[in-house]
Amino acid sequence: MSTSSPSSTPPPSSPVSGPAGDHGSAPRVPEAIHRRRWAILGVLMFSLLIVVLDNSILNVAVKTIASPEPVGLGATQSELEWAINSYTLVFAGLLFTSGLLGDRVGRKKVLLFGIAVFGVGSALAAMSGSPGELVAYRALMGFGAAFVMPATLAVLMNVFERDEQPKAIGIWAGSVGLGIAVGPITGGVLLEHFWWGSIFLINVPVVVVALIAMVVLVPDSRDPSPGRVDPVGVLLSIVGLVLLVYGIIRAGELADFTDAGVLASIIGGLAVLTAFVVHQKRSDHPSIDMSYFKKPAFSAAVAAIALVFFALMGVTFFSAFYLQSVRGYSALDSGLLILPLAVAQMVFAPRARLVVERFGARAVCTAGMLLVAVGLAAFALFDATTPVWVLCVVFFVQGAGMAHIMPPVTVAVMQALPREKAGSGSAVNNTFRQVGGALGIAVLGSLLSTTYRGEIEGHLGAVPAAARDTAGESIEATMAVAEKLGPAGGQLISSANDAFLTAMHVTALGSAAVALVGTVVVALFMPGRTAPKGPAPKKQAAGPRAEPPAEPASALRD
């Protein structure tokens, strides 16, 4: 990697110009990097796969981790939610800063640092001796992941020319589908042959391979005029999100959203997040430039990202219990059943740009949101005997919908900003995704827990009084108690299944309603079909690409 030179900074005569999202004639990518851009994309996808695979593995393993020792850790439903949310909250809270640091010190450096920390956190999580330790080490993994995901998208934007970016982003988004497929299946195989900690330990060799590949292939890039770090904004965002989500999870545990502690936490979280927004508007070095949100297409895109992950993450959380606890499938079988969702994403996401070119982002995203809403609503019709092929069709429909939402909205977010701000744009994109997912798990998980508790309480008469409160917390807790009751436990297990299905139906309809809100947002505010700009210029005959007279604005360095 060469050292910085005066040519790394573009001349003042290269301003960002043009309409929103059109940043004029951006300098071309150097020829040496352009030639290996697809290999670089492969490394970036591999890095992204690590982060996505980890969460999808954990979703399959929640039932095992909830089991008493020595099989699992005996984690409660709220502890399982925090094992997921500690990761996503730290991730989301640090994304702003990690994006700015990547723009400032170099995205390759940030990427290497993040993956190394993620690997250390994975090794520690595998050795957790209690749910509390697991939550803490998951937070460390989230710290590392916060430096990985925005850097991958920022690097992508700086190694591909603008006309190839939609295709590259589609393939990048498709790797999420690969993670969704590989995660549950890998998790199922590991859980059938090894202890639960293996689902985290498997990350370590993947991290080592990714580090080597990055050192060899990925170029460094940065913003020649970076902003300063915003510690106050970071602190406000983390505190606000933790307070808000903790209040929601606690409400689910107590089955009471009017509890004084719950209200204090939720209201306090909203107040701190409001202070965060005010601080960002007044700061001369904000974590996020609020002026971006004045563009309807940009705001609609980030809102769509948040809403679709809000709906889907909650469903992903309870579907693991439905498939394993109610239907009796193993962790591996559950992973295989989710395969159609991943296949649909891998097939359609790289091709979404072609549909957008023909029908426009508004029509494509609206149709995608409707497909997601239909898939979520279908869970309200599932029972203990729903045919497997119906489950596969529903998961495929959800995957197809996601594949036609994520690439267009990601392109809308990233191309609204100049290339040298790719780190900041990627941070915004991934922050809304993670916050939406975290809140989805908290809100929908609390709805599931509250509804289940209300349904099962009338069937706990045979349970000793001291164990009734615990037995009513989740289906796993109820079944653990039922197994100790002998023959009398059979009726309780049947009642638990019925109560869970009722709770799942309510939660599924809530998820579908959120997806419908997302449908309205993209239908109203996403841009329609773009008019063609005329015939494309003739391609240059055989011969090398002309080297640019100066490096790109983002100071891309081999």
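Expressed to the nearest 0.5 Å, how far CG of Leu492 lies from CD1 of Ile456 amounts to 5.5 Å. From Met402, atom CE reaches atom CZ of Phe309 across 4.0 Å, with rounding to the nearest 0.5 Å. For the atom pair OG (Ser198) and CG (Leu190), the distance works out to 4.0 Å, reported to the nearest 0.5 Å. To the nearest 0.5 angstrom, Leu448 atom CG is 5.0 Å from Phe500 atom CZ. To the nearest 0.5 Å, atoms OG (Ser122) and CE (Met127) are separated by 11.5 Å. Note: Ile65 CD1 to Ile199 CD1 = 4.5 Å, rounded to the nearest 0.5 Å.
Residues that satisfy the side-chain hydrogen bond (donor to acceptor under 3.5 Å, both in side chains) test with Ser128, not counting sequence neighbours, are absent from this structure. With sequence neighbours left out, Ala373 forms a side-chain contact (heavy atoms from CB on, under 4.5 Å) with Ala515, Leu516. Residues passing the side-chain hydrogen bond (donor to acceptor under 3.5 Å, both in side chains) test with Tyr137: none are found, sequence neighbours excluded. For Ala306, the side-chain contact (heavy atoms from CB on, under 4.5 Å) partners at least two apart in sequence or on another chain are Phe432. With sequence neighbours excluded, the residues satisfying side-chain contact (heavy atoms from CB on, under 4.5 Å) with Val204 are Ala123, Leu201. For Thr152, the side-chain contact (heavy atoms from CB on, under 4.5 Å) partners two or more places apart in sequence, or in a different chain, are Leu44, Ser47, Leu111, Val148, Trp172.
Nearest heavy atoms, Ala403 versus Phe348: CB-CB, 3.5 Å. Taking all atoms of both residues into account, the shortest heavy-atom contact from Phe379 to Met504 is O-CE, 3.5 Å. Counting all heavy atoms, side chain and backbone alike, Ala304 lies closest to Val409 at CB-CG1, 4.1 Å. For Ala378 against Val394, the heavy-atom pair with the smallest separation is CB-CG2, 3.8 Å. Ile405 and Pro408 get closest at one heavy-atom pair: O-CD, 3.1 Å. When all heavy atoms of Leu211 and Ala116 are compared, the pair lying nearest together is CD2-N, 4.4 Å.
Proximity of Leu391 to Tyr322: side-chain heavy atoms (C-beta onward) are separated by under 4.5 Å at one or more points. Between Val393 and Pro340 there is no side-chain heavy-atom pair separated by less than 4.5 Å. Between Phe200 and Leu134, some side-chain heavy-atom pair lies under the 4.5 Å cut-off. Contact annotation: the side chain of Leu337 approaches that of Tyr329 to within less than 4.5 Å [non-hydrogen atoms, C-beta and beyond]. Contact of the Thr366 side chain with the Met369 side chain is not registered, since no non-hydrogen atoms from C-beta on lie closer than 4.5 Å.
Using a distance-only test at 3.5 Å, with no hydrogens or angles considered, no donor-acceptor pair links the side chain of His404 to the main chain of Val356. No side-chain donor-acceptor contact under 3.5 Å links Ser86 to the backbone of Arg138. Judged purely by atom type and a 3.5 angstrom limit, Arg327 has no side-chain atom pairing as donor or acceptor with the backbone of Val388. With hydrogens and angles disregarded, a donor-acceptor distance shorter than 3.5 Å links the side chain of Thr386 to the backbone of Asp383.
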Side chain to side chain contact (heavy atoms under 4.5 Å, CB included) for Asp333 and Leu323? Distances and angles first, verdict last. CA-CA 9 Å; Asp333 291 337; Leu323 293 173; over 6 Å; no
